[in-house]
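Each remark here refers to the structure printed beneath this line.
Within every chain, numbering begins at 1; the chains are lettered A, B, ... in the order of the sequence lines, protein sequences first and strands thereafter.
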Protein chains: 2
Amino acid sequence: MRKRPGNGAARPAGDEIGLDALIGHAGYAVRRFQIWIFQDFIRTLAAVDIRPTQYSVMTVIGANPGLTQMAVAKRLGIERARLVHLLNSLERRKLVKRIKSKSDRRSHALHLTAQGEASLDQFKRLAAEHERHVEEKLGKQNRARLLQILADFT
Amino acid sequence: MRKRPGNGAARPAGDEIGLDALIGHAGYAVRRFQIWIFQDFIRTLAAVDIRPTQYSVMTVIGANPGLTQMAVAKRLGIERARLVHLLNSLERRKLVKRIKSKSDRRSHALHLTAQGEASLDQFKRLAAEHERHVEEKLGKQNRARLLQILADFT
DNA sequence: AAAGAATGTTGTTGACGACAACAATTGTCG
DNA sequence: CGACAATTGTTGTCGTCAACAACATTCTTT
């Protein structure tokens, strides 16, 4: 017989709550960490209203001008259907432009506008600040190890 | 002057696409990894139709019977509003039951049903299989390091 | 006893992944 | 060459998820 209140009394949170099998699951730790890191990114770049996915799209386009939407979507692992909306938003803000391709009239060549390039520089500075928060949270060496461990997924 | 096709020719994906600043961002790597690991979890537990969040809720309740909904939500970092729907679903499946608390008539004491406990054992075996997939993907030592690095977020 | 806080519930919003269908265009292959 | 399949961008739906706001019921505080 276990000593336990007879199912009627709820336990608010006075004593510690064990996670049991969850502590051995990488996915659980990764999810919690991912929530934290995205919140910090969004907060750090709130002044420029840029979210992680938008930042990743602009960075890839900036480094590889002329890419197709399919190419960007594949490279970043996002749905091409979703990229359409992301680009619509970025294009409305004059940060990105779609140029109709001559060689393949189905596709668009993606480029940053002049304003987009200037803005991206600022975004990168803010993102670097966010990354310093990560370093403070994890420790310099742990962050480096983490990047190394997950390098295959990029 | 940069040598570059005159903005009209799109680049499908022939050559490699550089990630530029993204490779130095832990958040990007974590996001890609999280997508992979959740997909594997869902696939591995597809036969029992259990998703990561449902598994985490049942595991915590199983290890700490009588917890309040607020206590579970806080411990797992999920919205209490969201936990309501999760518990509705689990209760419909006769895996979890809400018992009205005598001491605090606002709250519910959460317990696994007998079927819930038996099912959770099976879920844990499948989750362990999923964790072996993670180990194969990352390497035994890298997975251990990852868990250690992110231990503070659990 | 009155004011305030906590708990569970309902609802809305927006980001996100997954999927299906479609038109326009290109590639393939008989 | 011409029929058929594949690709690209687009639109739409569905379900998951985090974040917030509002509410009734029930403690807690003062």
Donor-acceptor contact present, side-chain B:Arg31 to main-chain A:Thr53, <3.5 Å: no

Partners meeting salt bridge (charged side-chain N to carboxylate O under 4.0 Å, His left out) with B:Arg51 (sequence neighbours left out): none

Residue mapping more 5' on DNA chain C - nearest nucleotide basis, A:Arg51 or A:Arg106: A:Arg51

Among D:dT11, D:dG9, D:dT26, the one nearest A:Thr68 by side-chain distance: D:dG9

Partner of A:Leu110 under side-chain contact (heavy atoms from CB on, under 4.5 Å), chosen from A:Thr68, A:Asn64, A:Leu87: A:Leu87

Touch class at under 4.0 angstrom, heavy-atom based, for A:Glu79 against every strand present: base

Short side-chain N/O contact from B:Arg82 to OP1 or OP2 of D:dT16, under 4.0 Å: no

Side chain of B:Ala81 - closest among D:dC20, D:dA18, C:dG17: D:dC20

Per B:His85 side chain, nearest of listed nucleotides D:dC27, C:dT26, C:dT10: C:dT10

Nearest-nucleotide 5' precedence on DNA chain D, A:Arg31 against A:Leu87: A:Leu87

Any A:Ser107 side-chain N or O less than 4.0 Å from OP1/OP2 of D:dT7: no

Closest to side chain of B:Met70, choosing from C:dT7, C:dT26, D:dA21: C:dT7

Residue closer to the 5' end of DNA chain D, A:Arg98 versus B:Leu86 (nearest nucleotide): A:Arg98

Under-4.0 Å side-chain N/O to phosphate OP1/OP2 contact, B:Gln69 with C:dT9: yes

Touch class at under 4.0 angstrom, heavy-atom based, for A:Arg80 against every strand present: base

Sugar-phosphate, base or nothing in reach of A:Leu83, heavy atoms under 4.0 Å: nothing

Test side chain to side chain donor-acceptor pair (under 3.5 Å) applied to A:Arg75 - qualifying residues, sequence neighbours left out: none

